[in-house]
Asks: 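Would you mind keeping the following structure in view while I ask a few things?
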Amino acid sequence: MAQSKHTAISSKRRGTVQRWTATLIPTTREAPAEAVAPSHVLLSRAGFIRPVGGATAGGAGVYDYLPMAWRVLRKVSDIIRQEMDAAGASELLLPALEPVELFAGTKRDLDYGDLLFKVTDRHGRVAALAPTHEEVITELLRGAINSYTQFPLNLYQIQTKFRDEARPRAGLLRCREFIMKDAYSFHLAVEGPGGLSEAYDAMYRAYVNSFTRCGLDFTVVEAESGPIGGSASHEFMVNCESGEDTILRCPASGYAANVEKCEIGERPAPSRGYFGGEPTGALEEVHTPNCPGIEDVSRLMKVKPENMLKTIVFRVEGGSALRTDTAGGSIRSADLPEWVVAVVRGDHEVNEGKVKGLAGASVKMADPAEAKAKGFSIGFVSPRAAVGKKGVLLLVDRDAAAGFDDAKGKPRFWATGGDRPDYHVKHFNWHRDLGVDPGAGVSDTSIIVGDVRNALAGDPSPRAAGAALVTARGIEVGHIFKLGSKYSDAMGFSVLDKEQKKQPVIMGCYGIGVSRTMAACVEMSHDADGIIWPATIAPFHVLIVLMKPDEASHRAAADRLAADLADAGADVLIDDRDERPGVKFKDADLVGIPVRLTIGDRALAEGGVEFKARRDKGKGEVVRLDGAAARCVDSLNAG
RNA sequence: CGGGGUGUAGCGCAGCUUGGUAGCGCGUUUGACUGGGGGUCAAAAGGUCGUGGGUUCAAAUCCCGCCACCCCGACCA
């Protein structure tokens, strides 16, 4: 259903009026020393959050949400609820405490490892504090759904999640306890009416609507896709230089993706073809003790990282052949390599997802001991190590496969590993030194040249010829994902379809970090004086500052204004504290309520009050008392 | 998990080198003056110095262990 325009306030809902002295807003002049991120500093100073148990207690990443924060969280949640409901989802609430056996059923107790909080009850039974609810809801539906006619179904909840993060940081941005909206959809098919893609697209739109209504500046990026393939996952990133995630964007086509996913457009092949070029000198071995890392070696050998070949050894994970042809037949496991050796330039990073794609198999970084047993001198491996071993696939990134430097018009100089501990070599030449002709797949060694590395700013766009990718920083606040039948298969959740054939249930999952959204908003929208809330999620819409709270006429004016504003749908906070004006104005800027009305002798003498929008500089303007409420509403609804 | 740093009053910090009665600023309380951008004066309350052990006549200070927190990295919705 199409959403009508949502305004920040509307007289359909009566606003609330609250007094500063009757609530808890403990503002401070200084933030705790450990607060570094702007959102952490400002939410602390403005009296929105406090670390549980005090700053140095064992409560890292666990915070009290004080009244101001809770009002914001409720407003964010309400927007999400409206959009989820409009998209056909239903809210429920699942327990945070779940039997650890449920996780063991999908092996996620191992996947999560230490990330999983565990508690033991009086009987010695172990339960997990849920980090997410795929298992719980799949288990629920397995017992509650008995007919395919009940699909599709989309269920969501907003509640506290628990993850024992290795490194909680930046206040609410990465917590061990945080508020999340998670939704799960269930289908019989991926495509078609009632299918997963339909729900996924609806969730995509609901997320765009939600974050837009929250007043956020965000980018939707393609993320690493799941087993279904295609663009099966998107992340919603708040644009913000202090964000911890890097995203890449094509300015011409609008394509955006995270580093794990981002494709690289056509890179021009070297004029002499891959690997072509004369040796730059005799192969020279250099002693490089205790230098397994590119940076150390680079410094010791005085060779720039971009002139080195970095060789990473992957192990193919047992039996999990992903490579299937269109006829549906998998490649026999005997055809799959057991090892994959990926080569990129020293200043580039290997992209594991791209390695998987090219290898056609699930891989993971090789265990050093196991790799050494196979003859890889981990830390000192060169592309040569892939040659002469059975079951080894060599993947070479396009930039690493150059033998001739077209820009400089001379053969490419390469340094790489010496294939024995503590040695590297200079003047590596692909044709001369690899051990086989890299131009043709020979004997046991197969070689693929392709895109194996992470994309970088300046790389060609995969969607627009001639355009270059640019990087930006962001904070991930939402993630939607096509799960497929991973959980339903693992937990035996299937139904009979119309033809009475057993069908695995297809699932999607959709998350929004609610508490992180609040923090991301502050990261994105603040100045040197404090927070600047968008009207739609501000804790209050209007702050009435009483210069003389014990002056009866001033109080009466404030009360009348507040009543008018509440009638119009605005939430009003009256600063009735007996404080110096400076303190009140500083706090007003700090807490960031979008509109401030100041009641004092100065404006009252002119029969008015002083109006000031938080986002505007200066001292504000005097408006007539009887027009002040309307002025506030106009300003708030203008965005 | 690796590297670096820090734990002293609600918050921010000094004191530790060279052991000897616990300090400063902000905040809080009381009173007075003040009253449009964190004001002034006077008085007051508030601390097992992260924790356990050791050395010593004596430990915030020196030694050893542990814990917690922050930053960078690894990892990761």
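In what follows, chains are A, B, ... by sequence order, proteins preceding strands, each numbered from 1.
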Asks: Side chain of A:Arg580, heavy atoms from C-beta onward: which of B:C70, B:G39, B:C11 has the nearest atom to it?
Replies: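 My answer, after comparing the listed nucleotides, is B:G39.
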Asks: Is it the case that the side chains of A:Arg473 and A:Thr246 hold a donor-acceptor pair, with the cut-off being a distance below 3.5 Å and no angle test?
Replies: yes
Asks: Does the B:G38 base have a donor-acceptor partner in the side chain of A:Arg577 within less than 3.5 Å?
Replies: no
Asks: Taking only the P atom of each, what is the distance from B:U40 to B:C49 in whole angstrom?
Replies: 33 Å
Asks: Considering only nitrogen or oxygen atoms on both sides, find all protein atoms under 3.5 Å from nucleotides 73-77 of chain B and state each distance.
Replies:
unit_1: B:G73; atom_1: N7; unit_2: A:Arg167; atom_2: NH1; d: 3.4
unit_1: B:C76; atom_1: O2; unit_2: A:Arg174; atom_2: NH1; d: 2.9
unit_1: B:C76; atom_1: O2; unit_2: A:Arg174; atom_2: NH2; d: 3.4
unit_1: B:A77; atom_1: O4'; unit_2: A:Arg163; atom_2: NH1; d: 3.4
unit_1: B:A77; atom_1: O3'; unit_2: A:Arg163; atom_2: NH1; d: 3.4
unit_1: B:A77; atom_1: N9; unit_2: A:Arg163; atom_2: NH1; d: 3.3
unit_1: B:A77; atom_1: N7; unit_2: A:Arg516; atom_2: NH2; d: 3.3
unit_1: B:A77; atom_1: N6; unit_2: A:Glu476; atom_2: O; d: 3.4
unit_1: B:A77; atom_1: N6; unit_2: A:Arg516; atom_2: NH1; d: 3.2

Asks: Checking A:Lys482 against A:Tyr200: charged group under 6.0 Å from the ring centre and within 45 degrees of the axis?
Replies: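 Yes, A:Lys482 lies over the aromatic ring of A:Tyr200.
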Asks: Can you tell me whether the side chain of A:Arg45 and the base of B:G38 have a donor-acceptor pair closer than 3.5 Å?
Replies: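 Check passes, donor-acceptor contact within cut-off.
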Asks: Among all residues two or more places apart in sequence or in another chain, which pass the ring pair (Phe, Tyr, Trp, His ring centres under 6.0 Å) test with A:His348?
Replies: none
Asks: Across all strands, who's sitting opposite B:G27 as a Watson-Crick or G-U wobble pair, both distances under 3.5 Å?
Replies: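 Per the H-bond distance test, none.
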Asks: Considering only heavy atoms and no angle criterion, is a donor-acceptor pair shorter than 3.5 Å present between the side chain of A:Lys619 and the base of B:G37?
Replies: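 Answer is yes: a donor-acceptor pair is held.
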Asks: Identify the two heavy atoms, one from A:Leu73 and one from A:Ser515, that lie closest to each other, and give their separation to 0.1 Å.
Replies: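 So the minimum-distance heavy-atom pair works out to CD2-CA, 3.7 Å.
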Asks: Side chain of A:Arg29, heavy atoms from C-beta onward: which of B:G12, B:C26, B:G37 has the nearest atom to it?
Replies: B:C26
Asks: Any strand counts, and the cut-off is 3.5 Å on both contacts for Watson-Crick or G-U wobble. Which nucleotide pairs with B:G52?
Replies: B:C64
Asks: Could you verify whether a donor N or O on one side chain and an acceptor N or O on the other, from A:Glu235 and A:Asn258, lie under 3.5 Å apart?
Replies: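 Yes, side-chain donor-acceptor contact under 3.5 Å.
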Asks: Using a heavy-atom cut-off of 4.0 Å across all strands, would you classify A:Ala31 as base, sugar-phosphate, or nothing?
Replies: sugar-phosphate
Asks: Of the candidate nucleotides B:G37, B:G35, B:U28, which contains the atom at the shortest distance from the side chain of A:Glu579?
Replies: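 Minimum distance to the A:Glu579 side chain belongs to B:U28.
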Asks: Only pairs at least two apart or in different chains count here, so list each salt bridge (charged side-chain N to carboxylate O under 4.0 Å, His left out) that has a residue in residues 592-608 of chain A.
Replies: A:Lys548-A:Asp601, A:Arg596-A:Glu610
